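Structure first, then comments.
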Amino acid sequence: MQQLLLLLVFPLPLWAGAEEIIGGHEAKRHSRPYMAFLQFLAQESKKRCGGVLVQEDFVLTAAHCWGSSINVTLGAHNIKEWERTQQLIPVRRATCHPAYNPKNFSNDIMLLQLERKAKQTAAVRPLRLARSKAQGDSGGPLVCNNVVQGIFSYGSKNGKPPGVFMKVSHFLPWIKKIMKHH
Ligand SMILES: *[C@@H]1O[C@H](CO)[C@@H](O)[C@H](O)[C@H]1NC(C)=O
Ligand SMILES: *[C@@H]1O[C@H](CO)[C@@H](O)[C@H](O)[C@H]1NC(C)=O
């Protein structure tokens with residue numbers, strides 16, 4: 001079976017500093033329990049990004065979201081308010097792709113290891129990474145529409161295409177290596 005190319009469009013823009021919601025429509029409450037919201041410091045100001053929880057203690061995001069003091073909020077519906085479903089977890093270690101090039105955004109991908117595992121709830125659940133048959137996946141059917149296939153790198157400010165997506169499957173060997181070594 002061919003893998004579907006599912007592009008994750010984040011409800012929050014990934015470029016630093018922006019605060020508006022792309023497209024202006026609000027997501028259904030906790031319809032994306034794998035969504036992570038990042039806050040970090042870069043150039044002495046507070047920036048924000050989106051990400052995807054891919055394991056209880058790992059978040060996949062774009063490398064241009066690198067900064068210091070990165071905190072991840074999971075289970076948020078409205079990030080401007082404190083909600084009981086939210087889990088705020090600091091990042092222990094951020095690993096940018098070694099070939100990331102900030103000039104042309106090639107390999108704009110980064111893995112964040114969290115200080116502790118997220119508690120799985122109705123509002124917080126990891127999204128499985130795309131797996132291919134070549135890697136000997138015999139564990140049940142391939143779930144096509146609930147699998148990470150792309151990560152948003154950058155796009156126009158109004159959230160309309162063209163946006164650039166990193167194909168996650170291309171980075172799977174690197175992602176697996178990083179997650180295994182921690
Ligand atoms: C992350 O959380 C820590 C502890 O709550 C806090 O001191 C720090 O300022 C936060 N970082 C950002 C960028 O908000
Ligand atoms: C980005 O720049 C690097 C270094 O100059 C180059 O090797 C790479 O091919 C470029 N990638 C793209 C997508 O333009």
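On a predicted model such as this, the values are computed, not experimentally measured, just so you know. Along the sequence shown, residues carry numbers from 1. All ligand and atom numbering here is 1-based and tracks the order in the structure.
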Discussion item. Would S68 count as being in polar contact with ligand 1, using the rule that some N or O on each side must be under 3.5 angstrom apart?
Written reply: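 No; every N/O pair is 3.5 Å or more apart.
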Worksheet item: Taking atom CZ of R84 and atom OG1 of T121, what is their separation to the nearest 0.5 Å?
Response: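 Between atom CZ of R84 and atom OG1 of T121 there are 11.5 Å.
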Worksheet item: If you round to the nearest 0.5 Å, how far is CG of L112 from CG of L38?
Response: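 With rounding to 0.5 Å, CG (L38) is 5.5 Å from CG (L112).
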Worksheet item: With a cut-off of 4.0 Å, which atoms of ligand 2 are near a heavy atom of N101?
Response: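 It comes down to these atoms of ligand 2: 1 (C), 2 (O), 3 (C), 4 (C), 5 (O).
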Item to complete: Give the atoms of ligand 2, by number and element, whose distance to some non-hydrogen atom of S106 is under 4.0 Å.
Response: 1 (C), 11 (N)
Practice prompt. Check each of V91, L38, N71 against atom 6 (C) of ligand 1 and report the one with the nearest heavy atom.
Written response: N71
Worksheet entry | Under 4.0 Å to a heavy atom of F40 - the qualifying atoms of ligand 1, by number |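 Listed by number with element, the hits are 13 (C).
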Looking only at atom types and distance, does a side-chain atom of [X] sit under 3.5 Å from a main-chain N or O of [Y], one as donor and one as acceptor?
X: E83; Y: N78; value: yes
X: T61; Y: I109; value: no
X: D57; Y: L114; value: no
X: Q86; Y: E81; value: yes

Worksheet item: Does some side-chain heavy atom of H97 sit less than 4.5 Å from a side-chain heavy atom of M110?
Response: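 The answer is no, as the side chains (C-beta and beyond) never meet within the 4.5 Å cut-off.
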Fill in: Identity and separation of the nearest protein heavy atom to atom 8 (C) of ligand 2
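Answer for atom 8 (C) of ligand 2: N104 ND2, 3.8 Å.
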Worksheet item: At what distance is the nearest protein heavy atom to atom 9 (O) of ligand 1, and which residue and atom is it?
Response: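 Answer for atom 9 (O) of ligand 1: S69 OG, 4.1 Å.
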Worksheet item: Does atom 11 (N) of ligand 2 have any protein heavy atom closer than 4.0 Å?
Response: yes
Fill in: Nearest protein heavy atom under 4.0 Å from atom 14 (O) of ligand 2, yes or no
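Yes, at least one protein heavy atom sits under 4.0 Å from atom 14 (O) of ligand 2.
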